[in-house]
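For reference, the structure is listed below as structure tokens.
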Amino acid sequence: MKSTKPIYVTQPALPELADFIPYLEQIWDNKILTNCGPFHQQLEQALCDYLGVKHISLFTNGTLALVVALQALRITGEVITTPYSFVATSHSLLWNGIKPVFVDIHPDTLNLDPDKIEAAITPQTTAIMPVHCYGHPCDVERIQKIADNYNLSVIYDAAHAFGVQHQNASVLNYGDLSVLSFHATKVFNTFEGGAIVCPDAKTKQRIDHLKNFGFVDEVTVVAPGINGKMSEINAAFGLLQLKSIDANLQKRQKIDSYYRAALANVHGIHCLGDSGETIANYAYFPILVRSDYPLSRDQLFEKLRDNGIYARRYFYPLISDFPMYRSLPSAAPAHLPAAQKAANEVICLPIYPTLEFEQQQSIIALITGN
Ligand SMILES: *Cc1c(COP(=O)(O)O)cnc(C)c1O
């Protein structure tokens with residue numbers, strides 16, 4: 001039976017509305033709406049505990065958190081990054097007057113290829129900004145080694161990596177800073193939101209100043225900061241969401257396993273494997289549509305869409321193909337063959353906790369042709 005309701009690539013997992021009311025009552029009672037109030041502080045602590053990280057600073061969204069992370073470490077000049085990501089990764093560099101230098105991805109993981117990083121380093125390079133694409137950890141050890149050798153900072157765009165563990169510890173503990181997004185489309189959401197994970201209290205303090213106009217106290221401003229504070233209503237929603245995160249991750253895992261089993265022997269369809277995470281978050285289900293599949297990637301994408309399945313071509317086009325980037329020497333398609341290939345083959349299939357088994361079966365049937 002074909003489903004008549006449209007199925008999107010993701011759908012937020014919402015708690016019971018009634019369960020949110022007590023949080024709202026508390027806000028109405030104490031009249032603290034923002035400025036790092038009680039829910040903001042509670043969520044920072046709860047996320048540190050849940051994720052297994054030392055310090056977290058909450059933000060209004062992930063993009064602003066990326067912009068501030070670069071400011072916090074005073075990054076300038078050139079930053080090595082991946083073209084295979086959401087545009088916000090590179091936009092955060094442009095907002096800081098930094099020149100992005102694109103390096104190709106590894107064809108197996110679709111993450112920044114560590115073998116290609118060193119050739120892109122120049123005297124202007126100050127940092128590397130990799131992305132844990134689809135929540136699969138980057139080669140964090142090798143990236144750190146390169147950064148140490150050349151005295152570079154590492155800022156991870158960890159927007160996809162909520163809850164992901166690498167070798168029994170949070171992947172968010174690698175690098176100098178990691179940035180999370182809590183946008184509605186992400187595994188854990190606060191409607192809009194984001195955070196910076198940082199290793200020490202001093203860095204967190206600088207970040208906390210930067211997200212509050214640079215204020216240290218009522219009369220002291222130490223930096224040209226911005227307003228990036230998460231509001232109390234978003235923080236309260238985050239606290240409530242955190243209660244169901246494990247159950248939601250389990251539902252995602254079941255959907256992931258079923259796709260993998262059902263698509264394993266389909267000619268021309270390649271499911272991206274895990275890349276060594278101890279705990280994954282099943283945030284996305286990317287498939288690569290290869291030339292031995294009967295349809296082109298776009299034909300399969302359109303076939304799904306014509307049947308009410310709104311899969312997404314994440315990440316197509318590449319960041320390096322957008323007009324504000326494509327004239328950079330490092331953006332030349334010939335310089336980024338693995339990224340170009342992935343962008344032309346990828347489709348992310350629907351995966352979210354409330355995706356029904358019958359819906360998933362109908363998606364699989366459209367792909368297998370049965
Ligand atoms: C979602 C996302 C962002 C931006 O986060 P927002 O909270 O939407 O600003 C940045 N980078 C990547 C890789 C993302 O997927």
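Order of appearance sets the numbers: ligands from 1, and atoms from 1 within every ligand. FYI, the numbering just counts along the sequence from 1.
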Residues, nucleotides or ligands: over 12 heavy atoms within 6.0 Å of N265 CG: no
Using the six-membered ring wherever Trp is involved, compare the ring planes of Y325 and H91 and label them parallel, tilted or perpendicular (cut-offs 30° and 60°). parallel
In terms of ring plane angle, is the pair F182 and F188 parallel, tilted or perpendicular, where the classes change at 30° and 60°? perpendicular
Nearest non-hydrogen protein atom, [atom]:
atom                    : result
atom 15 (O) of ligand 1 : H160 NE2, 2.8 Å
atom 11 (N) of ligand 1 : D157 OD2, 2.7 Å
atom 3 (C) of ligand 1  : F86 CD2, 3.7 Å

Distance, nearest 0.5 Å, that separates CH2 of W95 from CG of L64: 8.5 Å
Quick one, D49 with Q45, criterion side-chain hydrogen bond (donor to acceptor under 3.5 Å, both in side chains). Give me CA distance, side-chain angles, the key distance, then yes/no. CA-CA 6 Å; D49 296 344; Q45 189 53 54; 3.0 Å; yes
Is there a polar contact between ligand 1 and [X], counting only N or O atoms under 3.5 Å apart?
X    : answer
T63  : yes
S181 : yes
F182 : no

Of all the atoms in ligand 1, which lie at a distance below 4.0 Å from a heavy atom belonging to [X]?
X    : answer
G193 : 7 (O)
K186 : 1 (C), 2 (C), 14 (C), 15 (O)
S85  : 13 (C)

Can the ring centroids of H132 and Y156 be said to lie less than 6.0 angstrom from one another? yes
Note: E192, heavy atoms under 4.0 Å from ligand 1, region reported as neither
What closest approach, in Å, do Q359 and S362 show between heavy atoms, and which atom pair accounts for it? O-OG, 2.8 Å
